[in-house]
**Student:** 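Got a structure for you, written out below as structure tokens; questions coming shortly.
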Number of protein chains: 2
Amino acid sequence: MLNRVRSAVAHLVSSGGAPPPRPKSPDLPNAPSAQSAAPPGAPRSPPARAGSGSAAPAKTVEARASFSRPTFLQLSPGGLRRADDHAGRAVQSPPDTGRRLPWSTGYAEVINAGKSRHNEDQACCEVVYVEGRRSVSGAPREPSGGQGLCFYYWGLFDGHAGGGAAEMASKLLHRHIQEQLKDLVEILQDASPPPLCLPSTPGAPGSSDSSHLVGPQSCWSSQKEVTHESLVVGAIENAFQFMDEQMAQERRGHQAEGGCCALVVVYLLGKVYVANAGDSRAIIVRNGEIIPMSQEFTPETERQRLQLLGFLKPELLGGEFTHLEFPRRIQPKELGQRMLYRDQNMTGWAYKKIELEDLRFPLVCGEGKKARVMATIGVTRGLGDHNLKVCSSTLPIKPFLSCFPEVRVYDLTQYEHCPDDVLVLGTDGLWDVTSDCEVAATVDRVLSAYEPNDPSRYTALAQALVLGARGTPRDRSWRLPNNKLGSGDDISVFVIPLGGPGSYS
Amino acid sequence: MLNRVRSAVAHLVSSGGAPPPRPKSPDLPNAPSAQSAAPPGAPRSPPARAGSGSAAPAKTVEARASFSRPTFLQLSPGGLRRADDHAGRAVQSPPDTGRRLPWSTGYAEVINAGKSRHNEDQACCEVVYVEGRRSVSGAPREPSGGQGLCFYYWGLFDGHAGGGAAEMASKLLHRHIQEQLKDLVEILQDASPPPLCLPSTPGAPGSSDSSHLVGPQSCWSSQKEVTHESLVVGAIENAFQFMDEQMAQERRGHQAEGGCCALVVVYLLGKVYVANAGDSRAIIVRNGEIIPMSQEFTPETERQRLQLLGFLKPELLGGEFTHLEFPRRIQPKELGQRMLYRDQNMTGWAYKKIELEDLRFPLVCGEGKKARVMATIGVTRGLGDHNLKVCSSTLPIKPFLSCFPEVRVYDLTQYEHCPDDVLVLGTDGLWDVTSDCEVAATVDRVLSAYEPNDPSRYTALAQALVLGARGTPRDRSWRLPNNKLGSGDDISVFVIPLGGPGSYS
């Protein structure tokens, strides 16, 4: 499959790079390098990978404006300046007058309070048409439109160390998902279980039957059932991987500076897939009940994965770090005393005698928002960061970061949703100062103030959530009604209605 | 700490190997080699570790009888023969007339239907006294009994490939826990937070304050709070590790043949710690509600951990296995076709072109009870297995197995328990044919037939659970009332009452 993707990519590049026709998604942004996502031919590897295979060199994204906001905001130059104003921190939403987002999705965002020059969050909301790559059964491809699939797509990207990765991901990640789904167009529309094996060339006989299975081992005497759902999950996982590899290839051109968390929702054939890599969060609020749809990936939640990697590959620690965790910094004079520690196998703590190498900096340290990998980064999954090094060192951090999302699936058909049932996506700017319960209360308060069929209610809700997290200026800072500090971070929120009039436009 | 354990061990060995006085646990079985658990000096490492440090060679367990059952069953030679009878499969419980198990614990077991020569399950139920190793504050040690701690202990050990490991663990694991807790006797009884750092020698000043913390990195500007609970968890985790290392050291003497799953409960200072390494299971049934207290560790539940290890350390696969998972065996003639696969990062499936190395045997294969690591073993955590090799190969499997338990904590003081609230521990012989709900129904049915203060009710319940899983002989097999096959495996069950008269004897 991987080689085939590469060939398809080469074909697209050589044919001028124009994207294939996408009849049902006329409002897609330009994505000239979506076709250059040449994946290496081998299965993925968590540590940094070299080489880009034999694919044609990637065409770089056209010279990026110094600052951009999501296309669907339809910002004028003046609007763009207001969106970029740290002092005013005006909340931005799509205009009432323009094209409404699919599903009457609500969106709002606000820039940070001065933490970075520009808003490093990015967002994308699209309907994407997937044309089958070719007939799996070997039959000639049908004219486009007849057999294709549509998926709805929402993406939030929280950038760090520059806005390039978030911007690139917002323009291209759905194209990688589209590419991965091309293989599956026919399979997903066929009620029978997916074939385990496909012919190498169209028309050749496949071997998805198990009648010629042999093998003495009982663990080989059966075959696993693979669901359609798990194929979509696999496609999304691979799309994240290929997006990250494209960033690695284009980092020389500075198109993908920095890195970003990615929180993505795909609606396809009745199911909602929520894929999260980073510290953004998605929850469903359904009849007042909260259903978590993601978990955060931080040095604290991924401590054991990070420590295991440092333990198994000590060369990644460069002699500067220890994979052991200690509850505080060890002083050289404490050598020989006994300190609490945890290694990669432990969830509890125990005492160990402090040895010389324990004085190295710990791979994982700190708590909460101050937790860091290698004293540098506070989030452990996401896209990009290929150039990220430990401060005053040449030691790369990327090997410890994972580009793979956790994917949760919610079956929309299993529940009759009312217009007040929503999926809320937010970057950490929202969640740092707002609990799930507070979001649910705001959902109730705002939506009950609007008619159920008023499509503007979801944007009003997104705005209320962003405003509630930003607060109001008071005493030269941003304060919440309880006088606590509001979020000084970029804040971006999608509100996706799960049912009700107009939702499934 | 590790060196100190080693010194203490050396001291005990040199002083004749006699265990320290244990005033409150007079019925402990002999454990002559408990003191020989000399841990290597370095923190643990998941792959097999060589070397035993500088400790004195371990004294081996006295020549093991060819077959033994838990001491608390008080079996006569005739009783031992009946317990060993595959045809009759008589359910065994402690005699009504003898010493009751602590907490009026119920216990029952039955031998397998011929799967192995003897019952390879083992069990242990003890009250263990922990005398402080020495005063943390540097003061001279108090006379024993004044400052010590008691913990209640239950252990189920499901052996495989021989009964040696299970028997050894049943005799010694609680001694390792005791050893680990010796450091903590004073700390756990002090209401203030545990000191982060202890002096290397008694009487020397510690440095648990943070007043002299320095460091520019914000992730180092604070210190973590470590709870008493997490120290107990760490002690149990380390005890499993040291038990496993002792088995490695004694494997030459064939005392620790095979391996075993270990499910252990420690009650200490108001909290119940449930530690599980393997495919046994613990649930609490409280007011009819089921609270899972463990998860099973199998090639399916640990697939990604196993694959990651095979990916990062390909030498462990010996050129014979691939870390990729496929839904069925690949035929050589399918080379070049596209097959579904999953790697260590994926939860979904995708297609890949079959290459030559994909024809290797997969590291993880099969489903349910037929799932295997390296086509050999169906459980991925436990103790022992140091000699386990891939069938017709010299490739060791131990590097893929973990001896570390998952530890869950249940605070007994947070809920007022009634006499019908119980913690049920069972080896997989129970759970293979009995659901959690069926166990809860049996709990209700049996306990309601006995007076709440009848201490024999918990053994009656354990017997009912074992009988319900074994079934009755019919048509030359063991059948359940619904005519499905009963469990042909060894079945062992503890029922631990969580409240009510007589429970806290």
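Chain letters run A, B, ... following the sequence lines, proteins first and then strands; every chain starts at 1.
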**Student:** Tell me which of these, A/Val233, A/Ile354, A/Thr347, A/Leu184, has more heavy-atom pairs under 4.5 Å with chain B than the rest.
**Tutor:**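 Option with the greatest count: A/Thr347.
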
**Student:** Would you mind telling me which of B/Lys352, B/Arg338, B/Lys353 makes a salt bridge (charged side-chain N to carboxylate O under 4.0 Å, His left out) with B/Asp358?
**Tutor:**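 Looking at B/Lys352, B/Arg338, B/Lys353, the match for B/Asp358 under the salt bridge (charged side-chain N to carboxylate O under 4.0 Å, His left out) is B/Lys352.
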
**Student:** Measuring heavy-atom distances to chain A, does B/Glu229 have an atom under 4.5 Å in its side chain, in its backbone, in both, or in neither?
**Tutor:**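 Neither part; nothing is under 4.5 Å.
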
**Student:** Chain A heavy atoms under 4.5 Å from B/Ile236: which part of the residue, side chain, backbone, both or neither?
**Tutor:**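 Looking at B/Ile236, nothing touches chain A.
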
**Student:** Do you know which of B/Leu340, B/Thr227, B/Val407 has the most heavy-atom pairs with chain A at a distance under 4.5 angstrom?
**Tutor:**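 That would be B/Leu340.
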
**Student:** Side chains of B/Glu245 and B/Gln241: donor-acceptor distance under 3.5 Å anywhere?
**Tutor:**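 Yes - a donor-acceptor pair under 3.5 Å links their side chains.
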
**Student:** More than 12 non-hydrogen atoms from neighbouring residues, nucleotides or ligands closer than 6.0 Å to CD on B/Gln295, yes or no?
**Tutor:**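 Check passes, neighbour count above 12.
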
**Student:** In terms of ring plane angle, is the pair B/Phe361 and B/Phe321 parallel, tilted or perpendicular, where the classes change at 30° and 60°?
**Tutor:**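 It falls in the perpendicular class, over 60°.
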
**Student:** Flag the one option from B/Arg342, B/Glu225, B/Lys369, B/Met339 with the top tally of heavy-atom pairs under 4.5 Å to chain A.
**Tutor:**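 If we count pairs closer than 4.5 Å to chain A, B/Met339 comes out on top.
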
**Student:** For residues A/Glu406 and A/Ser294, is any side-chain donor paired with an opposing acceptor at under 3.5 Å?
**Tutor:**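 No.
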
**Student:** Measuring heavy-atom distances to chain A, does B/Gln307 have an atom under 4.5 Å in its side chain, in its backbone, in both, or in neither?
**Tutor:**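 Looking at B/Gln307, nothing touches chain A.
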
